[in-house]
Amino acid sequence: MKHLRSILLSVVMLPLAGVVAIPFYYILVNTLKTQPEISASPLGLPSGVDFSNYAEVFEALPIWQSFLNTLYVGVVSIFLMLLVGSMAAYGMLIGQGLLTKLIGVICLIAFLVPGQTTLIPLYRMLSGMYLVDTLEGLIFLYMGGAIFCYFLIIGYMRTIPTEMFESARIDGASAFRIYRSIVLPLIRPILVTVGVFQAMWVWNDFITPNVFINSPDKQTLVLQVYSAVGQFSTDWPAFMTLSVIVLAPLVVFFIAAQRHIVSGLVTGSVKG
Amino acid sequence: MSPSNAPRLTRRSLGRIAAAAAIAAPAAGSLAACGRDADPNAITFLSWDNAEVMGPVIEQFEQEHSEYHVEVQYAPPVAGYIQKLQTQLGSNSAPDVFIITAENKKQLMDGAFVQDLSGESWASNLNETAVETYSRDGKLYGSAISAWAGGLVVNLDLVPGEFPTDWDGFLSLCKQLKADGTVPYLEAVGGMTDTVCAFVGMQNLAYGGTMDQQIWDGDLTFEEAWTPAVEAWYQLFGEGILDSSAAGLTGDVVLPEFQQGRLAIMSTGSWGISGITGGAPDLNFEFKAVPGFDGQSFWSGAVSPGLALNTKAKNPDAAKVFLEWMSTEPGVSFYQQANQFISTVKDYEPELPAQLGDLVSAVQDGRYYLPAVSWVDNNDVLAGEANALIQQLATGDIEPVDVGKGLDAKLASLQ
Amino acid sequence: MGTAIAPPRPAPPFQSPPRPTRLQRLRRRGIESYLFTLPVIVVFVVLFAIPLAQSFYYSLTDFNGYSTEANFVGFENYTTIWQDSSMLSALGFTLIFTIATTLAITALAIPLALVLNQKFFGRNLVRSVFFFPSVVSVAILGLVWGFIFAPLGTGVINSIIGWFGAQPVAWLAEPTLARLSVIIVAVWGGTGWHAVLYLAYLQAIPSEFYEAASIDGATRWQQFRYMTLPLLTPAITVSQLLLLTGGLKVYDLPYTLTGGGPGFATRTLTQSIIENGIAQGEVGKASALSVVFFIAVGLIIVAQLALSRRLEARFS
């Protein structure tokens, strides 16, 4: 019975995933074709696998340098925003005062700020701190993502039965210890999930590095993708090839991370 | 998973990353702080071409002028560039040389961010239309060395023989092709198309080339000026050559149809030529002007973005050396070979693909028009409105006369 | 509904003899909780509150985004922004888009998350495939979906319906179909992302709950209705909040897909803001629009939160 259901799910879900994946098929297949082949049949299979698009892109652009820049910005900023966000969520959970409620509302406001309008004030602030055109400046700006982390984590914490957090308090452990050794492991699925979401955002963000990074050697990967954009037209084969290069590490990251998303609560921890 | 694992990992990485950040941040800050004012021969430049195109050009300049060096920043056109430049100007950190273009020229001139270049010796090397585009009150604020035009691209194998120069001739040619089983013409009506712009340009000519000024002065309305042009263009729909689905087409969808010989004629700009030949190297095609009323054919098009000099440039003299090089033969010829644009400067004759046909002379003589560039102000809002109105016309929601009426109403609401 | 399943309530507070008085505990908790929330407050003040205050100040000036100075003009910007006639249709489509995507994505993402939480062959692959539409840059999506929706016979959808003898459909050229197309792409792009969010929240439900429920003889539907759904309400609140704010602020997807057309059919509020303000260099006006927009979105969110509080109360 259980076996049968698993087969049934595979039979339904795999073709469905196939339909959802059609646009990806299109992107991937066109990076392996020559220009005349793309124009001859935009959706057809390539006559032979042709990696010249990739070779050209790697030759023309500093892909590796940009990759390392993006990796540095991504790892540091995601670590920091997860830390700030999860601490705030725990603080909210143990605090009952009016002020903590107020913080909840305040964080909501952050969601509503349209990013476009705060660019100039932020630029002035960063330039006063000598952080324009530095990767650390980007990390600083991405810290704003901590609010998003907070929001997803607090929702998750509310789902977890409270006694799981409370049990440790009996021992008189300090709040920081509880946070470190009880809370963080308990919320691991959401930490990983939010980490994945934010990694996607930081990795793909164009506006922030475009405005705040000037030196070619500090460019992030997405800026390389947009070098294929011209005034009137876009070099689509290059754009798609670059996008695949940018996305490949994310695919690997997601596949590695999803094991941790679906790990479930530790059985038995309810009993303390 | 055991609860004790996660925190240990976290703690270790926290320490390492915090240390890295603490070391890196001040170092980067001090570097940026002292790198600025040291070198009197440094030229800062925000390029709108990517590094692949601009990199070799800069290298060549530095080779010919070894005492200078150019610090280039890049931002992709158009929105990304405008946004970056605007932010830099607004916080007093813009480079010495940057791009002036239709989208930002009014703000740059109004705010006195760009220096007058009319006194420079090389200014006379620029084409008259280019000078006019970036001038105000006799002062020149940008050096534009090229222009582009758009019209029809014709597959010469499917349409052999003489190409009509009047609109009625074009319409009957299309009907003939259609009757023979060929798709005659497709146009991606995402908004104002090259053909609409060319027709409005013909009207502008009929009003002595000052049509838009007259509209803004209140002596003329969009309705009067535009309706004949829009009506002519709308015949494409009336004669059954295009249907309402044209509003759902994009240039990227039409292009393969043309490249594969399934389509006889389409419309695009001169910048699209490398896209056509890239996907179809052996296609036999040529650019043709949009056939007009009474055999008066015309083009859509505009002067390309120009280079401007920051009023607050740190090294204006060095920057002027760069501007001169970019605006005269040595720079133009090198840049032109990298970029394949149609240069219009007087001291250099570019070698261009034969498929451009009459387009080259039209560009050099300034026989082109683009409403959004020619309008006096509020260009973006009006362009958005015009795009929407033309689409509504294509889908049959409004009549040709409503396009001009809509623009009149929009302009009135803005003033 | 027959068998009542006891909703999983937190166990009554533990009883342990040596413990600080209630007041002491509250005080200590208060201080600790502020220490924990301090970093996020700093982030908020520096990266959101200060820039937002500046933005509000700009909305009272004629600042054009270029010059370094600006003149105070009072509330003039707030009166002029209402003169844009396309604003109304932009408002209409933005609301349709927001409501449609919020409902459709929620309705699809929850079942998808439940399925992806089961064990079956190819599960990891399916999860990745559903998640990745949200990762690809919108610029590419515009291009690819342009080919899929192409009105010519060679368009992907039109070729498929052509096999069944149907005439080509002009997907992006007809206002209703264009709106539908934009919404379909948004749902395609967002469902997997939100399913992963729900998937994470599902992990917070201890498996003991399900075991207990099975022993009590609850059917799968009962388990879902009386246990999973109530426990998912915080997730639904978070997910819908993101969908609402994202939907109301949407710009790139409709813009790259249709350019806001045909006509004004798929124009959004943000497109109007950008066209009117940012592209024109009228930052004062754009800021005023943003402030109005900010307040409006804020009100909608507050309403949504109130609604979800009531739903949470009803379900648990």
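Residue numbering restarts at 1 for every chain, and letters A, B, ... go by the order of the sequence lines.
Note that the CZ atom of Phe131(C) and the CD atom of Gln258(A) stand 10.0 Å from one another [nearest 0.5 Å]. Separating the CG atom in Asn30(A) from the CZ atom in Phe147(C) is a distance of 8.0 Å, to the nearest 0.5 Å. In this structure, the separation between OG1 on Thr37(C) and CG on Leu93(A) is 12.0 Å, given to the nearest 0.5 Å. In this structure, CD1 on Ile261(A) lies 13.0 Å from OH on Tyr201(C), to the nearest 0.5 angstrom. To the nearest 0.5 Å, the span separating OG on Ser6(A) from CZ on Arg123(C) amounts to 10.0 Å. From Leu122(A), atom CG reaches atom CD1 of Ile50(C) across 9.5 Å, with rounding to the nearest 0.5 Å.
Chosen from Val238(C), Val115(C), Asn124(C), the residue pairing most often with chain A at heavy-atom distances under 4.5 Å is Asn124(C). Per-residue counts of heavy-atom pairs under 4.5 Å with chain C were compared for Phe239(A), Trp236(A), Phe151(A), Tyr26(A); the largest is that of Trp236(A). Here Ser128(C) is the residue among Ala53(C), Gly122(C), Ser128(C) with the most heavy-atom pairs under 4.5 Å with chain A. Among Val196(A), Ile27(A), Val251(A), the residue making the largest number of heavy-atom pairs under 4.5 Å with chain C is Val251(A). Ranked by heavy-atom pairs under 4.5 Å with chain C, the list Trp201(A), Phe140(A), Phe206(A), Trp203(A) is led by Phe140(A). Per-residue heavy-atom pair counts under 4.5 Å with chain A were compared for Ser59(C), Ala235(C), Gly246(C), Pro133(C), and the maximum is reached by Pro133(C). Per-residue counts of heavy-atom pairs under 4.5 Å with chain A were compared for Val46(C), Leu116(C), Val135(C), Ile41(C); the largest is that of Val135(C). Chain A forms more heavy-atom pairs under 4.5 Å with one residue of Thr245(C), Ile140(C), Val302(C), Leu232(C) than with any other, namely Ile140(C). Per-residue counts of heavy-atom pairs under 4.5 Å with chain A were compared for Leu199(C), Leu202(C), Leu241(C); the largest is that of Leu241(C). Ranked by heavy-atom pairs shorter than 4.5 Å toward chain C, the options Phe176(A), Phe197(A), Phe24(A) are led by Phe197(A). Most heavy-atom pairs under 4.5 Å with chain C: of the set Val84(A), Val20(A), Thr193(A), this distinction falls to Val20(A).
Both the backbone and the side chain of Leu141(A) come within contact range of chain C, with heavy atoms under 4.5 Å apart. Using a 4.5 Å cut-off between heavy atoms, Phe148(A) contacts chain C through its side chain alone, with no backbone atom that close. Only the side chain of Val43(C) comes within contact range of chain A, with heavy atoms under 4.5 Å apart. The contact between Met13(A) and chain C is made by backbone and side chain atoms together, counting heavy-atom distances below 4.5 Å. Proximity to chain A is absent for every atom of Leu141(C), based on heavy atoms less than 4.5 angstrom apart. The parts of Thr159(A) that come within reach of chain C are both its backbone and its side chain, each placing non-hydrogen atoms under 4.5 angstrom from that chain. Only the side chain of Leu242(C) comes within contact range of chain A, with heavy atoms under 4.5 Å apart. Only the side chain of Met125(A) has a heavy atom closer than 4.5 Å to any heavy atom of chain C.
Proximity of Phe121(C) to Ile7(A): side-chain heavy atoms (C-beta onward) are nowhere separated by under 4.5 Å. In this structure, the side chains of Leu47(C) and Met143(A) come closer than 4.5 Å at one or more pairs of heavy atoms. Two residues are said to be in side-chain contact when any heavy atoms from C-beta on lie closer than 4.5 Å; Leu143(C) and Met240(A) meet this criterion. Counting heavy atoms from C-beta outward, Met87(A) and Pro39(C) have side chains that approach closer than 4.5 Å. With a 4.5 Å cut-off on side-chain heavy atoms, Tyr156(A) and Gln203(C) count as touching. You'll find the side chain of Pro23(A) reaches within 4.5 Å of the side chain of Trp145(C), heavy atoms only. Taking the side chain as every heavy atom from C-beta outward, Phe132(C) and Leu250(A) approach each other to under 4.5 Å.
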Worked check of side-chain contact (heavy atoms from CB on, under 4.5 Å) between Leu16(A) and Phe130(C): CA-CA 9 Å; Leu16(A) 203 60; Phe130(C) 274 97; 4.1 Å; yes

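Shortest non-hydrogen contact noted between Gly91(A) and Phe36(C) is CA-CB, 3.6 Å. Summarising the geometry of Ala200(C) relative to Ile190(A), their closest heavy-atom pair is CB-CD1, 3.9 Å, with the distance given to 0.1 Å.
For the residue pair Gln118(C) and Arg5(A), a side-chain donor N or O sits within less than 3.5 Å of a side-chain acceptor on the partner.
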